[in-house]
There are 2 protein chains.
Amino acid sequence: MDTTQLLKGVLDLAVLAVLDRSDSYGYDVVRRLREAGLEDVGDASVYGTLRRLFKAGALNSYVVPSEEGPHRKYYGLNDSGRTMLARSAKTWGTFAQTMNDMLDDVEKR
Amino acid sequence: MDTTQLLKGVLDLAVLAVLDRSDSYGYDVVRRLREAGLEDVGDASVYGTLRRLFKAGALNSYVVPSEEGPHRKYYGLNDSGRTMLARSAKTWGTFAQTMNDMLDDVEKR
DNA sequence: ACACAGTACTACGCAATGCGCAGTACCGCG
DNA sequence: CGCGGTACTGCGCATTGCGTAGTACTGTGT
């Protein structure tokens with residue numbers, strides 16, 4: 001099975017969780033997600049997700065120049081984003097639990 | 001957040017898990033998934049998934065006439081399907097764990 | 001006899017989303 | 001001065017879940 005399909009709908013949540021720790025920019029979010037265990041996440045997916053979340057009003061954004069490369073477009077959670085994170089985390093939790101229950105039944109043989 | 005997107009890539013696994021219990025047909029698989037907690041699953045998605053899994057060689061299929069309605073197209077796991085189930089379940093497990101770890105960090109504040 | 005609900009499946013097209021790839025651009029190093 | 005690392009944008013594709021319509025069979029109520 002491909003982790004690609006598993007990411008669908010969960011990448012939003014993962015990105016929100018990363019940003020909840022501290023404001024960050026695309027390139028760094030990718031790095032943090034990979035370190036956290038989502039090794040196969042594509043950079044284009046993350047940039048796309050950030051843009052989508054921003055457009056949806058969950059993030060604020062500001063540009064910071066960098067001495068070690070091009071400028072960085074930082075993103076941070078606003079109130080709407082924090083609400084979304086809480087709600088998504090809860091939805092994920094119940095969903096994951098449901099799946100685990102189904103699979104427990106399978107393993108029990 | 002919509003459970004629709006969460007289902008992506010997991011519906012295969014859920015259907016395989018249901019079929020691992022016993023052979024079944026589309027209409028019944030939908031019922032079982034809903035009872036298990038996936039209440040929002042669409043019937044077209046399940047029928048589509050069954051056809052896809054069959055086409056991929058994970059299922060065998062046979063038609064059984066019914067006295068209480070139209071015929072039923074039963075599906076059952078074959079060896080390839082059981083292998084797929086085992087592998088997918090493992091992938092899901094690691095993935096879910098990764099996500100839960102990330103969210104634990106968030107809750108811990 | 002006939003409409004209707006429940007059962008069971010197929011087919012068509014849409015929407016969301018992750019990804020590959022190309023392109024732009026800035027930096028420091030050999 | 002090219003090259004690798006940093007950082008972002010945009011385009012188009014593939015997968016997959018879903019809504020809707022259509023077909024078809026059975027039993028029930030009127």
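Treat the numbers as computed from the prediction; the structure is a model and nothing was measured. Naming: A, B, ... by sequence-line order, numbering from 1 per chain.
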Quick one: [X] [atom1] to [N] [atom2], roughly how many Å, whole number?
X	N	atom1	atom2	answer
Leu7(B)	dA15(C)	CG	C1'	15 Å
Tyr27(B)	dC25(D)	OH	P	17 Å
Gln5(B)	dC14(C)	CD	P	18 Å
Leu6(B)	dA16(C)	CG	P	16 Å
Tyr74(B)	dA8(C)	OH	P	8 Å

Under a plain distance cut-off of 3.5 Å, with no hydrogens placed, do [Y] and [X] share a side-chain donor-acceptor pair?
X	Y	answer
Asp43(B)	Tyr27(B)	no
Ser24(B)	Arg31(B)	no
Ser61(B)	Arg51(B)	no

Under 4.0 Å, heavy atom to any atom of DNA chain C: which of residues 45-63 of chain B qualify? Tyr47(B), Arg51(B)
Whether Asp12(B) and Arg52(B) form a salt bridge (side-chain N of Lys/Arg under 4.0 Å from carboxylate O of Asp/Glu) is what I want to check.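 Yes, this pair counts.
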Sorted by number, the residues of residues 30-37 of chain A with heavy-atom contact under 4.0 Å to DNA chain D: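 When residues 30-37 of chain A is checked for heavy atoms under 4.0 Å from DNA chain D, the hits, listed by number, are Arg31(A).
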Of Leu6(A), Leu33(A), Val10(A), the residue whose pairing with Leu38(A) passes side chain to side chain contact (heavy atoms under 4.5 Å, CB included):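 Between Leu38(A) and the candidates, side chain to side chain contact (heavy atoms under 4.5 Å, CB included) is satisfied uniquely by Leu33(A).
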Provide the closest heavy-atom pair for Leu77(B) versus Asn60(B) in the form atom of the first, atom of the second, distance. O-ND2, 4.2 Å
Cluster link Leu85(A) to Leu53(A), ILVMFWY, side chain under 4.5 Å: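 Same hydrophobic cluster.
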Counting heavy atoms from C-beta on, name the nucleotide in dG18(C), dT7(C), dC19(C) closest to the side chain of Val41(A).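 Nearest nucleotide to the side chain: dC19(C).
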From C-beta outward on Tyr25(B), which listed nucleotide comes closest to its side chain: dA8(C), dT17(C), dA7(D)? dA8(C)
Is Arg72(B) reaching over with its side chain to a backbone N or O of Val63(B), donor-acceptor style, under 3.5 angstrom? no
Ignoring hydrogens and geometry, is there a side-chain-to-backbone donor-acceptor pair from Thr83(A) to Asp79(A) under 3.5 Å? yes
May I ask you to evaluate whether Lys8(A) reaches the phosphate of dC19(C), defined as a side-chain N or O under 4.0 Å from OP1 or OP2?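 Checking dC19(C) against Lys8(A), no side-chain N or O comes under 4.0 Å of OP1 or OP2.
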In B/S/- notation (B base, S sugar-phosphate only, - none; protein heavy atoms under 4.0 Å), nucleotides 21-30 of chain C written 5' to 3' is B---BBS---
What's the separation between atom OG1 in Thr98(A) and atom CD in Glu39(B), rounded to the nearest 0.5 Å?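 So the OG1 of Thr98(A) and the CD of Glu39(B) are separated by 8.5 Å.
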I need the Tyr74(B) OH to Ser22(B) OG distance, nearest 0.5 Å. 8.5 Å
